[in-house]
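A short write-up of the structure that comes next.
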Amino acid sequence: MTPQEIKTLVEQETNNSLNTKTRKRDIVYTRAVYFKLCRIHTQQPLSDIGKTVNKDHATVLHGIKVFNNVLIEYEQNYLELFTKLDKEIRKQTGKKLRHTQKLLNPEIYYRKKYTRLLLEHRNISQKYRNLKKFLNV
């Protein structure tokens, strides 16, 4: 799916134009949802994603940070918009919905991942200590 197709979906769903040159909160948050969807569903560089809404790569990066830090925590309606559009895009493209937890709550995802790695590390360290004792090193 191209950024332009995602842009059309977001604009139809919200009845907002993403090209509007404004800093109104609803437009900024809608753009943040668009940027996050593009980042997930396309392999386009940030500069190409930004060109579709007349913004540069830094604005796209900031929008993704706004999504991760603000929208997930405080703006439930934009999170619901993201989830709805994400499901629709996945249905159209045939992608499976398996990384949703990572996208919506990265802290929990990475905590589980690194807990497993930490346990593996402890196990290997214990085996190494036992081996040192056995060899009397």
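These numbers come from a predicted model, not from an experiment. Nothing fancy with the numbering, it's 1 onward along the sequence.
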Pairwise side-chain contact, D56 with K51, heavy-atom cut-off 4.5 Å (strictly under): no
- prompt: Looking at A32 and G63, what are the two nearest heavy atoms and their distance?
  reply: CB-O, 3.3 Å
message: Looking at T8 and Q4, would you say the former's side chain and the latter's main chain have a donor-acceptor pair under 3.5 Å?
response: yes
message: side chain to side chain contact (heavy atoms under 4.5 Å, CB included) for L9 and E13? Distances and angles first, verdict last.
response: CA-CA 6 Å; L9 279 174; E13 188 65 33; over 6 Å; no
- line: In this structure, OG of S17 is separated from CD1 of I27 (nearest 0.5 Å) by 7.5 Å
- prompt: Can you check whether N16 reaches D26 side chain to side chain, under 4.5 Å on heavy atoms?
  reply: yes
T20 (side chain) donor-acceptor with T22 (main chain) under 3.5 angstrom: no
Student check: side-chain heavy atoms of N68 and K36 closer than 4.5 Å: yes
- prompt: Under a 4.5 Å cut-off applied to non-hydrogen side-chain atoms, are E75 and V33 in contact?
  reply: no
query: Would you say the side-chain atoms of T52 pair up with the backbone N or O of I49, donor to acceptor, closer than 3.5 Å?
result: yes
- prompt: Of the non-hydrogen atoms in L71 and L79, which two are nearest, and what is the gap between them?
  reply: O-CB, 4.4 Å
message: Testing the 3.5 Å rule here: is there a donor-acceptor pair between the side chains of K21 and N54?
response: no
query: Would you say the side-chain atoms of T83 and D86 include a donor-acceptor pair closer than 3.5 Å?
result: no
task: Inspect the contact between E120 and R116 and indicate whether a charged nitrogen and a carboxylate oxygen are less than 4.0 angstrom apart.
output: yes
- request: For residues Q44 and P3, report the shortest heavy-atom separation together with the two atoms involved.
  value: CG-CG, 3.6 Å
- prompt: Any donor-acceptor pair under 3.5 Å linking the side chain of T59 with the backbone of K55?
  reply: no
- line: Rounding to 0.5 Å, atoms SG (C38) and CD1 (I64) come to a distance of 8.5 Å
message: If you take the centroid of each ring, where Trp contributes its six-membered ring, are F67 and Y78 closer together than 6.0 Å?
response: no
message: Could you go through N123 and Y128, starting from their C-alpha distance and side-chain angles, then the distance that decides it, and tell me whether this counts as side chain to side chain contact (heavy atoms under 4.5 Å, CB included)?
response: CA-CA 9 Å; N123 191 12; Y128 176 73; over 6 Å; no
- line: Heavy-atom nearest pair, H41 first then I6, reads CB-CD1, 4.1 Å
field: Nearest non-hydrogen partners of F35 and V53, listed with the distance
entry: CE2-CG2, 3.7 Å
query: Would Y29 and L81 satisfy side chain to side chain contact (heavy atoms under 4.5 Å, CB included), going step by step from the backbone distance to the final call?
result: CA-CA 11 Å; Y29 287 174; L81 171 68; over 6 Å; no
- prompt: Counting distance only, does the side-chain N/O of K7 pair as donor-acceptor with the main-chain N or O of L18 below 3.5 Å?
  reply: no
field: Check: T14 and Y34 side chains under 4.5 Å, non-hydrogen atoms
entry: no
query: Shortest non-hydrogen contact from E11 to N19?
result: OE2-N, 4.4 Å
